[in-house]
Amino acid sequence: MTDLKSRLTTVVSDAFAQAGLPAELGRVTASDRPDLADFQCNGALAAAKAAKANPRALAEEIVAILKPDPMFAAVELAGPGFINLVLSDATLSLRANAIAEDPRLGAGLEPAPRRVVVDYGGPNVAKPMHVGHLRASIIGESLKRLFRFRGDEVWGDAHFGDWGFQMGLLIVAVGDEQPDLDFLADGDGPFPSESPVSLADLERLYPLAAARAKTDLEYRDRARKATAELQGGRPGYRALWRCFVEVSRTALEREFSALDIEFDLWNGESDADPLIAGMVAELEAKGLLELDQGARIVRVAKDGDKRELPPLLVVSSEGSAMYGTTDLATIVDRRNRFDPELILYVVDQRQADHFEQVFRAARLAGYAAEDGLEHIGFGTMNGPDGKPFKTREGGVLKLHDLIEMAKDKARERLKDAGLGAELTEQDFEDTAHKVAVAALKFADLGNFRGTSYVFDLDRFMSFEGKTGPYLLYQAVRIKSLLRKADVEGHAAGEVVVVEPAERDLTLALDAYEAALAEAYARRAPNLIAEHAYRLAQTFSKFYAACPILVAADAKSRASRLRLAKVTLDQLDSALRLLGIETPERM
RNA sequence: GCGUCCGUAGCUCAACCGGAUAGAGCACUCGCCUUCUAAGCGAGCGGUUGCAGGUUCGAGUCCUGCCGGACGCGCCA
């Protein structure tokens, strides 16, 4: 199962070799001029430059070699030395049938599967998720699915923020409010397993405590002491902390699942904590630690650097672990548990320096291979003013509220379309939810992750043009068509490509593999989104140009039905990789 | 100050190792529902790719300088 582009690259590379030219110049790409050809090769231009020869003459030689191959309808020399390739209808028909019969819908596998950890989401105990978590979650989930689909063994890890000073703050805050709690007692317990606080309590108390600790030094010291005692293993604090973690995690999982985001692991910062002491000793033994201004650091600057990268702080002058320490220990933890060949950190681009420090330290310590750690940075989601998104009041918008806003819009639009009357309330709600999630995710994943984008709910939910709802609409249309075909007793049959719209649709289907391979290589889900949109649009043109159920003859109806079915399946596959589900009706 | 990223149509974004006529969507104009969902399809309008040089047969893409913007730069995460 090979896509046309790869197959053509092989064929044309062989022709280059036959002509005595470097085979790697035979790279074939989709044509820039669809009016002239299906595919093209620009290698003759590069070959001519290297050999100081006439590009047209070289290209002519290649054309002569390729021309007899019956897979082509035409092979032509154009412009300064482009080789234009037009495939025969028979070649395209063959390919369309192959994709239709392929359980992977034309998508390939990576030749050498790896063990990969995707670190994304980054939720924290007691903190409600806000819009900042949206990108990390959506992009990470998509990369996890993509890597898994390409054949890697993948663990998605939420990397739960369940440790550190915030926990001490919460213990103090809860203790002040409920001074009679059993958990506050010294000694070994036993302590209740029932949580004395709800998530709402935690979310209420945390910001207050954090603010107070900034100005009230006595309060801050109590929180620090509580943090130290918790980390030292004080049983009552541990038991209380476990309640915080459980209450938070349950609520967060519910929120993530509303976005179809599911983690394989909820390993927290607390899981890495027990490894820190040993790790520090090991770094010491390896001679990597240095005492500087009272702190223990690893110098990570390199000779070629354009600017001196600050050292990684492993132990602060107060003797505590920093977030870089935890990240480093987490690498050790993952190595021990899974021995991953690659760890992807899907985290805001602004933390690029931090990860560079951690990665360099990890390599120096031998915890990871040179190419085993990657920061997958992304830009911010901005408000209309171009600054990171805030509510009208200037606060952060909770993720939950954002999703509700999107669902309200979706309900409104579905009612306008008269769908409310057709569906049961449950189906209606389900569809509204899917439409809202598709709108949000497609708006996010449609852009390259590295660039920031402006959040504009009206535009995302406009249900027109290049949006999530448009893609769902195309999928739903096909589902409806197939239901009708079923009722009328029409079956799909062999694809025979005749019409231009059928050619274009086949070429669009074939491009799935190239899009996925590129998305994988560049860790860029927007290329999947781009493909899905192209496919949907190409189908829509086909739908308008080629009657399916009322086709002129039974053979062409069967052929078009199969094209419609495989388009739906591939669209569904691509959307699933983006984390988007399609409803039955809309 | 140093460093990273960015500047493409009125707006939001593409452009596959440097290749043909820089592409989509929105907005605007026009056409298309007595055939399968018009949340659609077709056509049109819209560009000195921030500015100035350079390399090349060929530059949005590579190099240099400048202008403008975002972000980061040791004990928060």
Side-chain angles (χ1 to χ4, degrees), chain A residues 5 24-25 27 29-33 35-36 40 42 45-46 48-49 55 78-82 84 122 124 161 164-166 210 269 292-297 305-318 320 322-324 326-327 347-354 356-357 377 379-380 382 386-388 413-414 416-417 419 435 443 446-448 450-454 456 459 462-467 469-470 472-474 476-485 488 514-515 518 522 526-527 530 533-534 537 540-545 547-551 557 560 564 585-586:
Chain A
K5 186 169 137 174
E24 61 272 16
L25 294 179
R27 198 168 64 96
T29 58
S31 179
D32 291 333
R33 295 285 305 272
D35 52 321
L36 299 179
Q40 65 182 347
N42 301 341
L45 292 162
K49 189 166 194 165
F82 302 111
N84 280 339
N124 293 300
F165 183 61
Q166 309 98 292
E269 292 167 351
D292 191 86
Q293 296 169 41
R296 311 185 76 186
I297 61 166
D305 291 350
K306 293 201 170 171
R307 142 196 95 99
E308 192 176 317
L309 195 67
L312 182 76
L313 264 156
V314 179
V315 184
S316 79
S317 52
E318 289 182 1
S320 57
M322 303 279 89
Y323 75 124
T326 306
D327 282 346
V347 183
D348 193 311
Q349 187 62 45
R350 288 176 292 194
Q351 296 199 36
D353 283 352
H354 166 68
E356 186 60 27
Q357 292 170 309
T380 50
N382 296 336
K387 296 247 159 67
R413 189 61 186 85
L414 289 173
D416 288 348
L419 205 69
V435 168
N447 298 316
F448 177 66
T451 57
S452 298
Y453 70 99
V454 176
D456 179 350
R459 183 160 63 81
S462 80
F463 300 83
E464 262 166 33
K466 200 169 180 177
T467 64
Y470 170 89
L472 297 191
Y473 173 70
Q474 296 304 341
V476 162
R477 232 179 177 189
I478 302 176
K479 288 186 182 183
S480 162
L481 178 81
L482 295 176
R483 275 195 301 267
K484 196 159 180 183
E488 292 178 6
E518 189 74 9
R522 287 166 56 180
N526 62 302
L527 297 172
E530 195 68 39
Y533 179 69
R534 282 274 278 280
Q537 204 182 32
S540 195
K541 290 177 187 181
F542 162 77
Y543 183 86
I548 299 168
L549 295 177
V550 288
R557 177 168 55 221
R560 287 169 186 178
R585 291 169 221 274
M586 65 184 280

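Reminder, nothing fancy here: chain letters follow the sequence lines and each chain counts from 1. All values below were derived from every heavy atom in this structure, side-chain atoms included, with hydrogens, water molecules and symmetry-related copies excluded. Fair warning: this is a prediction, and the values are worked out from it, not measured in the lab.
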Check every atom of B/C73, B/C26, B/C75 against the side chain of A/R307 and return the nucleotide holding the closest atom. B/C73
In the structure shown, which nucleotide is the Watson-Crick or G-U wobble counterpart of B/U34, with both distances under 3.5 Å? none
Does a distance-only test, which skips hydrogens and angles, find a donor-acceptor pair under 3.5 Å between the side chain of A/K541 and the base of B/G40? no
Tell me whether A/F82 is stacked on the nucleobase of B/A20, counting only the six-membered base ring and applying the 5.5 Å and 30° thresholds. yes
Confirm from the modelled atom types if A/D292 and B/G74 form a donor-acceptor pair under 3.5 Å, side chain to base only. yes
Give the rounded distance in Å between these two atoms: CG of A/N447 and P of B/A70. 19 Å
Does A/D32 reach a base, just sugar-phosphate, or nothing at all? Heavy atoms under 4.0 Å. base
Report yes if a side-chain nitrogen or oxygen of A/K306 is closer than 4.0 Å to either non-bridging phosphate oxygen (OP1 or OP2) of B/U4; otherwise report no. yes
Tell which nucleotide pairs with B/C11, taking only Watson-Crick or G-U wobble pairs whose two distances are both under 3.5 angstrom. B/G25
Using only heavy-atom distances, decide whether a donor-acceptor pair under 3.5 angstrom links the side-chain of A/Y473 to the base of B/A39. no
Let me know, please, whether A/V315 or A/Y533 comes out on the 5' side of the other along RNA chain B by nearest nucleotide. A/Y533
Quote, to the nearest angstrom, the P distance that separates B/C51 from B/U61. 11 Å
To the nearest angstrom, the CZ-P distance between A/F448 and B/C6 comes to 9 Å
For A/Q166, report the nucleic acid contact type (base, sugar-phosphate, nothing); a contact means any heavy atom under 4.0 Å. nothing
Under-4.0 Å side-chain N/O to phosphate OP1/OP2 contact, A/Y470 with B/C41: yes
For A/Q474 and A/S540 the tightest heavy-atom approach is NE2-OG, 3.5 Å
Taking donor-acceptor contacts at under 3.5 Å, does the side chain of A/S540 reach the base of B/C41? no
If you check the A/P311 side chain, which of B/A39, B/G74, B/C2 turns out closest? B/G74
With both distances under 3.5 angstrom, what nucleotide forms a Watson-Crick or G-U wobble pair with B/A20? none
The residue, A/G324 or A/N84, whose nearest nucleotide of RNA chain B is more 5′ is A/N84
Taking every non-hydrogen atom, the tightest pair across A/Y533 and A/G465: CE1-O, 4.1 Å
Kindly point out which of B/C75, B/A39, B/A38 is positioned nearest to the side chain of A/A417? B/A39
